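In what follows, a single structure is set out as structure tokens and then discussed.
Given the structure is predicted, the values throughout are model-derived calculations rather than measurements. Ligands are counted one by one from 1 in listed order, and the atoms in each one are counted from 1 as well.
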Amino acid sequence: MSDIDKPALTNAPQMYVHYCEEEGCEEWGGWGNSQSPAVPTRWWCFEHFPHKSYEQELALRRKIEAAERESVVR
Ligand SMILES: [Zn+2]
């Protein structure tokens, strides 16, 4: 028996629960943005995240278009 018994990691790491702040959207807000340390971070899902880069915007459009094509095929 060790006298340095580490507590078992039974609890998940503390996480702040935040969903997309877009009204009516129930997606997980995995994309945060804070203007400054004084401003609380705001969270959006990827689709509603207003600070996407051009490449991220393109990637999202391709994803949406692919999903639309798929629904047409079915
Ligand atoms: Zn959203």
Q. For Arg62, what residues pass the salt bridge (Lys or Arg N to Asp or Glu O under 4.0 Å) criterion, not counting sequence neighbours?
A. none
Q) Tell me, which pairs form a salt bridge (charged side-chain N to carboxylate O under 4.0 Å, His left out) where one or both residues lie in residues 24-35, sequence neighbours left out? A) none
Q | Qualifying salt bridge (charged side-chain N to carboxylate O under 4.0 Å, His left out) pairs with a residue from residues 31-46, counting only residues at least two apart or across chains | A | Glu21-Arg42
Q: Look at the rings of Phe46 and Trp31 and say which category their plane angle falls in: under 30° parallel, 30 to 60° tilted, over 60° perpendicular.
A: tilted
Q. Taking the inter-plane angle between the rings of Trp28 and Tyr19 on a 0 to 90° scale, is it parallel (under 30°), tilted (30 to 60°) or perpendicular (over 60°)?
A. perpendicular
Q: Answer yes when Glu65 and Arg61 have at least one side-chain N-carboxylate O distance shorter than 4.0 Å, and no when they do not.
A: no
Q | Residue-atom pairs from the protein, N, O or S only, that lie under 2.8 Å from the Zn ion (ligand 1) | A | Cys20 SG, Cys25 SG, Cys45 SG, His48 ND1
